[in-house]
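Have a look at the structure below, then the notes.
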Amino acid sequence: MDYALKTDGITKIYGRHTVVDHVNMHVKKGDIYGFIGKNGAGKTTFMRIVAGLAAPAAGSMELFGSGDLEKQRQRLGTLIEQPGLYGVMTARDNLEVVRRSFGITDRHAVDEMLEFVGLSQAGKKKVKNFSLGMKQRLGIAIALFRSPDFLILDEPINGLDPEGIKEVRDLLSKLNREKQITILISSHILGELSKIATSYGIIKEGALIEEFAAEDLKRRCRRCVKLVVDDTQRAATILEEKCHITEYDVPEEGVIRVFDDLGNSWIMNRELVGGGIRLKESYLAGQDLEGYFMDLLGGASND
């Protein structure tokens, strides 16, 4: 497996507080990896460590299969927290500063980047008068200027209106599709994130509690009959032998989710009770994306 990022036990401690707790992350090359967690869960700190803006207290990482982080970080583009923009300058002038600081001699690079991020018509408008979406796209343009292979974005659609969200979402999809750029993106707008992410990592209180592919997430959010029982193994046997149920899973002890024959849940209930199972709950379940993540994160709102 080719990874753009692989970490082993990355930990960050401030005082007595562990902000990032032994995180093992795996971002495959070509992925758009959705990094999800509540405000204060450790997302930004972890991204800063990957980018080299903060040092871990423990753990190690590889970028593109290499432990030579100084060299491999040259292949990163980052937009962490707010983009550093000169408000009294135009988008073109901001990118000219970046071009010169990076030692890029091709003067056409600025025009090409403005066109790519949809700011070629911004003209002489000063950045301080830009919409938030325009500022975010300019920030992404700066992150892209050295043609990175891996883009790290911390809440790039936070605070945007629907049009701005779509503009940034379309831009990221284009980057991933046309330039094969791997993207690590955090966001609390889960419905929008689900439109582009190919894999996910869930961080809670500094610890990465789950990683899974987008296809797996769709399966987890399927409609089902959820059964809460006192004997999981015996209940599963009854469902298989008496109800001929084959499509089910056991997400945790005492809980069975049945994905087929949903219209005949009463038959399942009857056979379970008749077989001596204590049926504590039986109901039609199934979540949207946000509901699923809220369950994982312990309720309350994200970020």
side-chain hydrogen bond (donor to acceptor under 3.5 Å, both in side chains) between Thr7 and Asn24, intermediate numbers included: CA-CA 5 Å; Thr7 72; Asn24 301 324; 5.1 Å; no

Derivation of the side-chain contact (heavy atoms from CB on, under 4.5 Å) call for Ile183 and Ile181: CA-CA 6 Å; Ile183 300 172; Ile181 294 177; 4.3 Å; yes

Step-by-step side-chain contact (heavy atoms from CB on, under 4.5 Å) determination, Thr45 to Arg48: CA-CA 5 Å; Thr45 300; Arg48 288 175 57 83; 5.6 Å; no

Check against side-chain contact (heavy atoms from CB on, under 4.5 Å), Asn158 and His188: CA-CA 8 Å; Asn158 188 26; His188 69 282; 2.8 Å; yes

Verdict with reasoning, Glu96 to Arg92, per salt bridge (Lys or Arg N to Asp or Glu O under 4.0 Å): CA-CA 6 Å; Glu96 273 293 340; Arg92 178 183 300 280; 5.9 Å; no

Derivation and outcome, side-chain contact (heavy atoms from CB on, under 4.5 Å), residues Ile202 and Ile209: CA-CA 6 Å; Ile202 312 299; Ile209 60 174; 3.8 Å; yes

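Between the side chain of Lys280 and the backbone N or O of Gly254 there is no donor-acceptor pair closer than 3.5 Å. Put simply, the side chain of Ser66 never gets that close to the backbone of Glu62: no donor and acceptor are under 3.5 Å apart.
Using a cutoff of 4.0 Å between basic side-chain nitrogens and carboxylate oxygens, Lys29 and Asp149 are not scored as salt-bridged. Salt bridge annotation for Arg234-Asp231: present, with a cationic side-chain nitrogen under 4.0 angstrom from a carboxylate oxygen. Salt bridge Asp170/Lys166: present, at least one basic N to carboxylate O contact under 4.0 Å. The pair Arg278-Asp230 does not meet the salt-bridge criterion, since no charged nitrogen lies less than 4.0 angstrom from a carboxylate oxygen. Electrostatic pairing of Lys195 and Glu192 counts as a salt bridge here, judged by a charged N lying under 4.0 Å from a carboxylate O. Salt bridge status for Glu167 with Arg137: present, with a side-chain N to carboxylate O gap under 4.0 Å.
Partners of Thr18 under the side chain to side chain donor-acceptor pair (under 3.5 Å) rule, at least two apart in sequence or in another chain, do not exist in this structure. Partners of Tyr200 according to the ring pair (Phe, Tyr, Trp, His ring centres under 6.0 Å) rule, which considers only residues two or more places apart in sequence or in another chain, are Phe212, Phe293. For Glu211, the side chain to side chain contact (heavy atoms under 4.5 Å, CB included) partners at least two apart in sequence or on another chain are Met25, His26, Tyr33, Leu208. Residues meeting the ring pair (Phe, Tyr, Trp, His ring centres under 6.0 Å) test with Phe259, sequence neighbours left out: none. Checked against salt bridge (Lys or Arg N to Asp or Glu O under 4.0 Å), Arg107 has no partners two or more places apart in sequence or in another chain.
In this structure, Met134 is a member of the same hydrophobic cluster as Val110, with clusters built from ILVMFWY side-chain heavy atoms closer than 4.5 Å. When the side chains of ILVMFWY residues are joined at heavy-atom separations under 4.5 Å, either directly or via intervening members, Ile80 and Ile142 end up in two distinct hydrophobic clusters. Transitive grouping of hydrophobic side chains (ILVMFWY, heavy atoms separated by less than 4.5 Å) brings Ile104 and Val117 into a common cluster. Hydrophobic clustering (ILVMFWY, side-chain heavy atoms < 4.5 Å, transitive): Ile32 and Phe64 are in distinct clusters. Under the 4.5 Å side-chain heavy-atom criterion for ILVMFWY residues, a single connected hydrophobic cluster contains both Val168 and Ile185.
In terms of heavy atoms, Ile13 sits closest to Gly15 at CG2-O, 3.3 Å. Closest non-hydrogen pair, Pro156 versus Ser186, comes out as CD-O, 3.4 Å. Across Ala143 and Pro148, no two heavy atoms sit closer than the pair O-CG, 3.5 Å. When all heavy atoms of Asn269 and Ser282 are compared, the closest pair comes out as OD1-OG, 2.8 Å. Annotation for Thr182 and Val27: closest pair CG2-CG1, 3.7 Å, computed over non-hydrogen atoms. Summarising the geometry of Leu76 relative to Val50, their closest heavy-atom pair is CD1-O, 3.9 Å, with the distance given to 0.1 Å.
Surrounding OH of Tyr86 are at most 12 heavy atoms belonging to other residues, nucleotides or ligands under 6.0 Å away. Around NZ of Lys218, the count of heavy atoms belonging to other residues, nucleotides or ligands within 6.0 Å does not exceed 12. With a 6.0 Å radius and a threshold of 12 heavy atoms from other residues, nucleotides or ligands, Glu70 has its CD atom at or below the threshold. Atom CD of Glu210 is surrounded by more than 12 heavy atoms from other residues, nucleotides or ligands within 6.0 Å.
Side-chain contact between Lys226 and Val255: present, with at least one pair of heavy atoms (C-beta onward) separated by less than 4.5 Å. The side-chain heavy atoms of Met47 and Leu153, taken from C-beta on, include no pair separated by under 4.5 Å. Glu115 places none of its side-chain heavy atoms less than 4.5 Å from the side chain of Glu112. Taking the side chain as every heavy atom from C-beta outward, Ile10 and His22 never approach each other to under 4.5 Å. A 4.5 Å side-chain heavy-atom check between Asn129 and Lys126 finds at least one atom pair inside the cut-off. Between Asn94 and Leu138, some side-chain heavy-atom pair lies under the 4.5 Å cut-off. Side-chain contact between Lys6 and Lys28 is absent, with no heavy atoms from C-beta onward closer than 4.5 Å. Looking at Lys12 and Ile49, their side chains come closer than 4.5 Å, going by heavy atoms from C-beta outward.
Interatomic distance, CD of Gln136 versus CZ of Phe130, reported as 12.5 Å (0.5 Å rounding). With values rounded to the nearest 0.5 angstrom, Leu184 atom CG is found 5.5 Å from Ile152 atom CD1. Here the straight-line distance linking atom CD1 of Ile157 with atom CG of Leu132 works out to 11.0 Å at 0.5 Å rounding. Of the inter-residue distances, the one linking Arg222 atom CZ with Asp260 atom CG reads 8.0 Å to the nearest 0.5 angstrom. To the nearest 0.5 Å, the span separating CZ on Phe46 from CZ on Phe35 amounts to 5.5 Å. To the nearest 0.5 Å, the span separating CG on Leu85 from NZ on Lys128 amounts to 14.0 Å.
The cationic group of Lys179 lies under 6.0 Å from the six-membered ring centre of Phe116 and within 45° of the ring axis, placing it in a cation-pi geometry. In this structure, Arg99 forms no cation-pi arrangement with Phe145, as its terminal cationic atom is not both closer than 6.0 Å to the ring centre and no more than 45° off the ring axis.
Hydrophobic clustering, defined by side-chain heavy atoms of Ile, Leu, Val, Met, Phe, Trp and Tyr closer than 4.5 Å, groups Tyr248 together with Val225, Leu227, Val229, Ile238, Leu239, Ile245, Val250, Ile256, Val258, Leu262, Met268, Leu272, Val273, Ile277, Leu279, Leu284.
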